[in-house]
K.L.:
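Handing you a structure now.
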Amino acid sequence: MNTRTLTAVATALAATVTLGAAGCSGSKQPSGGKGADGKNPATANQGAVVGGTPQKGGTLTVLSNQDFTHLDPARNWVMSDMEFGTRLLYRTLVTYKAAPGTGGGELVPDLATDLGTSSNGAKTWTFRLKQGVKYEDGTPVTAQDIKYNVERSFSPDLPGGADYAARYLAGAEGYQGPAEGKHLASIKTPDDHTIVFELRKPFAEFPNATVMPTFAPVPKGKDKGPQYDNRPFSSGPYKIESYQRGKKLVLVRNTNWDASTDQVRKAYPDKLVMVMGLKANQIDDRLIASQGADASAVSWGALRPESAAKVLPNAEVRKRLIAESTNCTDMVQMHTGRAPFNDLKVRQAVQYALDRDSVLTASGGPAFNDLSTAYMPATLFDGKEPDTLKIPATGDVEKAKELLKAAGKPDGFATKMTVSTGDKGRAEAIQQSLGKAGIKVTIETVDPSAFYATIGDTKNRTDIAYTGWCPDYPSGSTFLPFVFDGRYIKEKGNSGNHSLFRDEPTMKRMDEIAAMTDAKQANTAWQQLDGEILAKAPAVPVLVRRWPLVLGSNIAGAYGQTSFGGQLDYATVGLKDPSKSQG
C-alpha cells in the first residue's frame with residue numbers, strides 16, 4: 001500500500017466519521033456526519049451493545065489470520081488471548097464486568113465470592129471460592145488448583161506469562177515451579193475453598209492482578225507442561241473439542257459449567273469455531289459482504305486500514321462497526337544493552353528522526369489512532385498525555401543528524417528491526433523516516449503467533465522491536481515497571497522490557513512509588529516518572545490504536561471491551577438468529 005493511497009484512506013476516515021475512543025477521553029474527536037436518526041453513525045456504537053440481545057444456540061465463527069500466542073493460563077499475557085481464554089475457557093479469582101465502554105473496567109468476583117480481603121497492611125490477601133464451580137469432567141475447582149497454576153507460572157519451560165506473582169509473592173526469588181515437588185509457602189490453602197497470598201510488600205491493587213490468567217485453576221493431574229498450551233482443561237463455559245495449531249479451534253459447551261455461579265459469562269452460542277491462517281484482506285471482505293456463514297462471524301484481528309474505505313461510506317456496514325480504544329501504546333524499543341543504542345545520543349536521534357505522523361497514516365489515520373507523546377496512555381494521565389519533549393509529530397531530521405554527529409556517527413549506521421507481519425506498513429513508515437537521518441533499517445517480519453517469543457529471546461533478537469504495552473488496569477504500576485524495570489528481564493520469554501533498560505535511578509524511584517500508600521500521590525509520581533524515563537530514551541512512544549471490528553449481520557450482543565484492549569467481549573456475544581448459522 002503506497003503512501004498516497006494510505007493518505008487518501010486517512011483523509012476519507014477523518015472526513016466521513018470519527019471513531020471515538022470511549023475509554024480514552026484524551027482522544028481526538030472531530031465531528032463527523034450524522035445519520036438519518038440524527039446521531040453520528042460511528043460514535044453511536046461506542047460504549048454501546050451492537051445487534052441487540054443474542055438468542056441461545058448456533059455456531060459463532062471467528063475468522064483469523066493467526067494462531068494464539070498462548071492459551072495455557074500460566075503463559076497467556078497477550079490482550080486478545082487473555083480475553084478469549086478468560087471469557088470462554090477458564091475462570092480467574094476476579095474478572096472484569098461484562099459491559100461496553102468504560103463500564104467494562106469494573107472489577108467483579110469470578111471464582112471468588114468477593115474481591116478479596118486484605119490484612120497486615122495489604123501484605124496478606126484472602127479469597128474465598130464459590131461453591132459448585134466445576135471443571136469439564138465434573139470435578140470441583142479447588143483453591144489448591146489455583147495455587148498450583150500460580151506456582152507453575154514460575155517454571156522456566158513455561159515462559160511468557162504475567163509475572164505479578166514473581167514481583168509480589170514473599171519468598172518467590174529463585175523459585176522454579178512445582179516440578180520437583182517444591183511449593184511456595186507464601187500461598188496457603190487452609191481448605192479447598194480458601195486461598196491466602198502472603199506478599200513481600202504492600203500491594204493494595206492485588207485484586208486487579210488476580211484478573212490475570214495466572215490466577216486461573218489448573219489441576220495438577222491435567223498438567224502436561226508446555227503441551228498444556230494445546231488443551232487447557234476448562235473451568236469456563238466452553239471446552240476444547242479440537243485444536244489444530246494454525247488451522248482451526250473448535251469449542252463446545254462445558255456441560256458442567258453452572259451459570260448460577262457466574263455473573264459475567266452468558267455463553268449464548270452452542271459452539272465457537274475459529275478458522276485460522278486466512279489472509280487479513282480476505283477476512284475484511286468476507287465480513288463486509290456478510291454472506292452465508294459469514295453473517296454469523298466476527299474477526300479476530302482489527303480491520304485493516306486500507307479496508308476502511310469500503311466500510312465508512314456504506315451505512316449498512318458502518319452500523320456493524322465497533323472501534324474501542326486499545327488503551328495500549330505502540331513503541332519503538334531499542335536494545336539499550338549494546339551498541340549503538342547503549343549511547344543516549346543515538347537513542348535521542350531516533351526520537352527526533354521518527355516521523356510519528358507517517359506511522360499514524362500507515363495505521364489508518366487519525367480516525368483509528370491517536371499520536372503518543374508519552375509512554376503511558378492518556379487514561380493514566382487523567383485523560384490527556386503531556387508533551388514534555390515537544391518533538392514535532394513529523395520529526396526533526398536536522399536535530400537527529402546533530403545528535404548522531406555528537407555520538408560519533410555523522411554518516412549514520414545500519415540496524416535491524418523486528419515487527420509482527422501485521423505491522424509491516426508501520427515498519428516501512430519508520431524505516432523511511434529514520435533513513436532520512438542516515439539510520440538504515442532492515443525490517444524482519446515474524447508471524448504474530450511467534451512474535452513475542454522472537455523478541456523475548458534477548459540474546460538473539462535484533463536491535464529494535466516495534467511492539468507495545470497495555471496497562472492491565474488503570475495504574476502506572478502496571479505499565480512503567482513492566483516496560484522499564486531491568487530487574488525482571490529474562491533471557492528467554494522476556495515479556496515487557498524489550499529495550500532491556502537497566503537504570504538504577506529509575507528502578508529506585510519505582511520502588512519508592514510502589515511503597516506510597518496515597519493513591520493520588522502515587523499516580524502523580526508515576527506520571528512524573530514517565531517523563532523522566534522518556535528523557536533517557538529507551539523507547540519512542542508512537543501511537544495508541546483503536547480496535548476496529550466489522551461484525552457479521554447476524555451478530556448480537558457485541559461491543560469492545562476496553563479493559564482487554566478494545567477486543568470483542570466473548571462473554572456476551574452471540575447470534576440474532578441461531579438457525580441461520582452453520583457449523
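Counting from 1, the numbers follow the sequence of the chain as shown.
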K.L.:
How far apart are the closest heavy atoms of S363 and R426, and which atoms are they?
P.N.:
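Closest approach of S363 to R426: OG-NE, 2.8 Å.
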K.L.:
Distance from K399 atom NZ to I391 atom CD1, nearest 0.5 Å?
P.N.:
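So the NZ of K399 and the CD1 of I391 are separated by 9.5 Å.
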K.L.:
Can you tell me how far apart CE (M417) and CD (E428) are? Round to the nearest 0.5 Å.
P.N.:
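Here the interatomic distance stands at 9.0 Å.
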K.L.:
With K490, which residues qualify under salt bridge (Lys or Arg N to Asp or Glu O under 4.0 Å), at least two apart?
P.N.:
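Residues passing salt bridge (Lys or Arg N to Asp or Glu O under 4.0 Å) with K490: none at all.
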K.L.:
Can you find a heavy atom in the side chain of P548 that is under 4.5 Å from one in the side chain of L321?
P.N.:
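In contact.
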K.L.:
So M331 and V542, do their side chains get closer than 4.5 Å, heavy atoms only?
P.N.:
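Of all side-chain heavy-atom pairs linking M331 with V542, none is under 4.5 Å.
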K.L.:
What distance separates N523 CG from D382 CG, expressed to the nearest 0.5 Å?
P.N.:
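CG of D382 is found 5.5 Å from CG of N523.
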K.L.:
Measure the acute angle between the ring planes of Y473 and F203, then classify it against the limits of 30° and 60° as parallel, tilted or perpendicular.
P.N.:
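Ring orientation of Y473 relative to F203: tilted.
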K.L.:
Please determine which of N327, D370, N369 meets the side-chain hydrogen bond (donor to acceptor under 3.5 Å, both in side chains) test together with R546.
P.N.:
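Exactly one option meets the side-chain hydrogen bond (donor to acceptor under 3.5 Å, both in side chains) with R546, and it is D370.
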K.L.:
Looking at H70, is its backbone amide N or carbonyl O close enough to the side chain of D81 to form a donor-acceptor pair, meaning the two atoms are under 3.5 Å apart?
P.N.:
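Side chain of D81 to backbone of H70, a donor-acceptor pair under 3.5 Å: yes, one is there.
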K.L.:
Between W469 and W77, is the gap from one ring center to the other below 6.0 Å?
P.N.:
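Yes: the rings meet the under 6.0 Å criterion.
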K.L.:
Take the angle between the ring planes of F84 and W300 and call it parallel below 30°, perpendicular above 60°, tilted in between.
P.N.:
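Rings of F84 and W300: perpendicular, over 60°.
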K.L.:
When you compare the side chains of E444 and T462, does any donor N or O come within less than 3.5 Å of an acceptor on the partner?
P.N.:
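Looking only at side-chain atoms, T462 and E444 do not form any donor-acceptor pair under 3.5 Å.
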K.L.:
Nearest 0.5 Å please: distance from the CD atom of Q333 over to the CG atom of L500.
P.N.:
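Result: 8.5 Å between the selected atoms.
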K.L.:
Could you tell me whether the side chain of L480 reaches within less than 4.5 Å of the side chain of M376, counting heavy atoms only?
P.N.:
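Contact flag for M376/L480 side chains = yes.
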K.L.:
Taking the six-membered ring for Trp, is the centroid-to-centroid distance between F341 and F501 below 6.0 Å?
P.N.:
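No, too far apart.
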K.L.:
For D569 and R87, run salt bridge (Lys or Arg N to Asp or Glu O under 4.0 Å): C-alpha distance rounded to whole Å, both residues' side-chain angles, the deciding distance at 0.1 Å, then the answer.
P.N.:
CA-CA 8 Å; D569 193 347; R87 291 317 218 192; 2.9 Å; yes
K.L.:
Give, for atom CH2 of W526 and atom CZ of F479, the distance between the pair rounded to the nearest 0.5 Å.
P.N.:
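If I round to the nearest 0.5 Å, the distance is 12.0 Å.
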K.L.:
Does the side chain of P109 reach to within under 4.5 Å of the side chain of L115, using non-hydrogen atoms?
P.N.:
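Yes; the side chains approach each other to less than 4.5 Å.
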K.L.:
Could you check whether any side-chain N or O of R320 sits under 3.5 Å from a backbone N or O of L551, counting only pairs where one atom can act as donor and the other as acceptor?
P.N.:
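Confirmed, R320 side chain pairs with L551 backbone.
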K.L.:
Once side chain to side chain donor-acceptor pair (under 3.5 Å) is applied, what residue pairs with a partner in residues 336-358 remain, sequence neighbours excluded?
P.N.:
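Residue pairs passing side chain to side chain donor-acceptor pair (under 3.5 Å), neighbours aside: R338-D463.
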K.L.:
If you compare all heavy atoms of T572 against all heavy atoms of V264, which two are closest, and at what distance to 0.1 Å?
P.N.:
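The answer is CG2-O, 4.4 Å.
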K.L.:
Give a yes or no on whether K416 atom NZ has more than 12 heavy-atom contacts from other residues, nucleotides or ligands under 6.0 Å away.
P.N.:
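Counting other residues, nucleotides and ligands, NZ of K416 stays at 12 neighbours or fewer.
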K.L.:
Could you give the distance from CG (L287) to CG (L549), rounded to the nearest 0.5 Å?
P.N.:
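Going from CG on L287 over to CG on L549, the span is 9.0 Å.
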K.L.:
Is there a donor-acceptor pair closer than 3.5 Å between any side-chain N or O of T458 and the backbone N or O of E491?
P.N.:
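Indeed, once roles are kept as given, a pair shorter than 3.5 Å links the two residues.
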K.L.:
With side chain to side chain donor-acceptor pair (under 3.5 Å) as the rule and sequence neighbours excluded, what pairs involving residues 497-513 come up?
P.N.:
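Residue pairs with at least one partner in residues 497-513: R487-D511, N497-S499, D503-T506, D503-K536, R509-E512.
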K.L.:
Minimum heavy-atom separation for P100 to V49, with atom names?
P.N.:
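Heavy atoms only, the tightest pair is CG-CG2, 4.1 Å.
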K.L.:
Under a 3.5 Å distance rule, please check whether T478 uses its side chain to pair with a backbone N or O of S475 as donor and acceptor.
P.N.:
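Flag not set: sc T478 to bb S475 has no pair under 3.5 Å.
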K.L.:
Sub-3.5 Å donor-acceptor pair from the side chain of R75 to the main-chain atoms of P159, do we have one?
P.N.:
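Side chain of R75 to backbone of P159: a pair is present.
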K.L.:
Do the side chains of D163 and R167 get close enough for a salt bridge, i.e. N-O under 4.0 angstrom?
P.N.:
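Looking at D163 and R167, the cut-off is met.
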K.L.:
Take R304 and N281 through the side chain to side chain contact (heavy atoms under 4.5 Å, CB included) test and state the conclusion after the steps.
P.N.:
CA-CA 7 Å; R304 297 163 72 242; N281 62 337; 3.1 Å; yes
K.L.:
Do T394 and S433 have side chains that approach each other closer than 4.5 Å (heavy atoms only, starting at C-beta)?
P.N.:
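Side-chain contact under 4.5 Å: no.
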K.L.:
Under 3.5 Å, side chain of K384 to main-chain N/O of F381, donor-acceptor pair present?
P.N.:
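Flag not set: sc K384 to bb F381 has no pair under 3.5 Å.
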K.L.:
With ring-ring contact (aromatic ring centres under 6.0 Å, His included) as the test, would you mind laying out the steps for Y168 and F206 before giving the verdict?
P.N.:
CA-CA 9 Å; Y168 288 101; F206 188 68; 7.6 Å; no
K.L.:
What do the steps show when you test Y466 against F451 for side chain to side chain contact (heavy atoms under 4.5 Å, CB included), and what is the final call?
P.N.:
CA-CA 10 Å; Y466 185 79; F451 176 69; 5.8 Å; no
K.L.:
Keeping the roles fixed (side chain from K520, backbone from D518), state whether a donor-acceptor pair exists under 3.5 Å.
P.N.:
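It does not hold such a pair.
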K.L.:
Determine the minimum heavy-atom distance between S118 and A122, stating which atoms define it.
P.N.:
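Taking S118 first and A122 second, the nearest heavy atoms are CB-CA, 4.1 Å.
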K.L.:
Looking only at heavy atoms, which two atoms of P213 and T86 are closest? And how far apart?
P.N.:
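So the minimum-distance heavy-atom pair works out to CG-CG2, 3.8 Å.
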K.L.:
Test L169 against L199 for side chain to side chain contact (heavy atoms under 4.5 Å, CB included), laying out the working first.
P.N.:
CA-CA 4 Å; L169 284 177; L199 311 183; 3.9 Å; yes
K.L.:
Quick check: do T373 and T388 have side-chain heavy atoms less than 4.5 Å from each other?
P.N.:
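The answer is no, as the side chains (C-beta and beyond) never meet within the 4.5 Å cut-off.
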K.L.:
Carefully, step by step, assess S325 and V544 under the rule side chain to side chain contact (heavy atoms under 4.5 Å, CB included).
P.N.:
CA-CA 8 Å; S325 173; V544 171; 3.9 Å; yes
K.L.:
Taking the ring of Y375 and the ring of F484, is the distance between their centroids below 6.0 Å?
P.N.:
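Between Y375 and F484, which both carry aromatic rings, the centre distance is below 6.0 Å.
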K.L.:
Answer yes if the side chains of Y164 and D472 hold a donor-acceptor pair under 3.5 Å, and no otherwise.
P.N.:
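Short answer, yes.
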K.L.:
Would you say the side-chain atoms of S563 pair up with the backbone N or O of G104, donor to acceptor, closer than 3.5 Å?
P.N.:
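Looks like yes, one N/O pair under 3.5 Å.
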K.L.:
Just checking, is any N or O donor in the side chain of T95 or D110 under 3.5 Å from an acceptor N or O on the other one?
P.N.:
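Distance-only check fails for T95 and D110.
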K.L.:
Would the distance check show the side chain of E83 and the main-chain N or O of Y570 forming a donor-acceptor pair, the cut-off being under 3.5 Å?
P.N.:
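Indeed, once roles are kept as given, a pair shorter than 3.5 Å links the two residues.
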K.L.:
Under 3.5 Å, is there a donor-acceptor pair between the side chain of E402 and the main chain of A349?
P.N.:
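A pair under 3.5 Å: no.
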K.L.:
Can you see which heavy atom on L303 is nearest to which on V311, and at what distance?
P.N.:
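That closest heavy-atom pairing would be CD2-CG2, 4.0 Å.
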K.L.:
Is any side-chain heavy atom of L380 closer than 4.5 Å to a side-chain heavy atom of P471?
P.N.:
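L380 reaches P471 side chain to side chain.
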K.L.:
What do you reckon, are the aromatic ring centroids of W547 and F368 less than 6.0 Å apart?
P.N.:
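Centroid separation for W547 and F368: 6.0 Å or greater.
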